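One structure is given below, encoded as structure tokens.
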Amino acid sequence: MRIDWKKITSSIYSKIKKEIESLDKKPILWVILVWKNPVSLRYIKQKERLATFCGMWFALKQLDHNIPEKKLIETIEEFNNDRNVSWYIVQLPLPKHIDTKKILRTINPNKDVDGFSPENVGKVMIWDNTGFIPCTPLWIIEIIKYLDINPEWKNITVIGKSNIVWKPIAALLMNAWATVTVCNSKTRDIRSFTSGADIVICAAGKPNLLTLDMIKMDTVVIDVWFTIVDWKILWDADFENIDIAGVQITPVPFGVWPLTVAMLMKNTLKAYKKANIGIKS
Ligand code: GUN
């Protein structure tokens, strides 16, 4: 059974749209793009389309793929110091010659609507709501809320290995009093950690890592990560069989990408309120 993410998404977008209509000036979402790979371009197009739909301005700073790291850092520092840029994101991944960690350390945490800077990541760890939470963990929380699941007392298994989904979602669910088991693609006998789970979150990028025989019949499966093999999108969960069984699962083939972008709009609005109205969280 597919989770009706469209319903959640459209209600979030109409709320954001309405709030933006009531503002004195339209927020601008700035995106810095260095590597024009097809996936990033597709993501950016969606961000532009949905930002415009919500009534925001969208602005793209495109840099050359071969830009030296030092020059990129200088550009980000200009964004940090520019009073006309209140928030922005740096589209990932970056070309190989650039140290992504160094770039994330350069982003001003108050302007970091992606929630990727060390300060914002740290705030999630210490249960501090004044920062920005990365968009994918945010939508996972929205789906759990929509399904009316109280994380307290729940067993939740998170499989992955990323700083932007796996670790923050584990921390957010711990903050919400769930009992969280954290696995990765090298965990021995993953089944022993998924078979008793009420919710399984897959963010490992390993096709068919989770199969029907590894879960209970009332498990909620949230599948976040896909891999492209021979032009085919393959997800971590064996969707065909799990969906047939009636377990609640996020849909394929394209996942819930508009929900990720909705969370970016939500963070941008939060940044607007922090910068213009002085609201802290
Ligand atoms: N690349 C893939 N997803 C994201 C995202 O949410 N933010 C940024 N900045 N880059 C990405």
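Since the model is a prediction, treat every value here as computed from it, not as a measurement. These values consider heavy atoms only, across backbone and side chains, with no hydrogens, waters or symmetry-generated copies. For ligands, and for the atoms within them, numbers begin at 1 and follow the listed sequence.
The ligand atoms of ligand 1 that sit less than 4.0 angstrom from a heavy atom of Phe116 are 5 (C), 7 (N), 8 (C), 9 (N).
Looking at Val90 next to ligand 1, an N or O pair under 3.5 Å apart turns up.
Both tests do not hold together for Lys61 against Tyr88: distance to the six-membered ring centre under 6.0 Å, angle to the ring axis within 45°.
Ion pairing of Glu142 with Lys266 is present here, as a side-chain N (NZ or NE/NH1/NH2) and a carboxylate O approach within less than 4.0 Å.
Protein heavy atom at the shortest distance from atom 9 (N) of ligand 1 is Asp114 OD2, 2.5 Å. Of all protein heavy atoms, the one lying nearest to atom 2 (C) of ligand 1 is Tyr43 CE1, 3.4 Å. Closest to atom 1 (N) of ligand 1, if we only count protein heavy atoms, is Leu92 O, 2.8 Å. Remark: minimum distance from atom 4 (C) of ligand 1 to any protein heavy atom is reached at Gln91 NE2, 4.1 Å.
Trp5 has its ring centre no less than 6.0 Å from the ring centre of Tyr146.
Remark: the Lys123 side chain and the Thr130 side chain contain an N/O donor-acceptor pair separated by less than 3.5 Å.
Of the possible donor and acceptor atoms, none in the side chain of Asp238 sits under 3.5 Å from a partner among the backbone N and O of Leu210.
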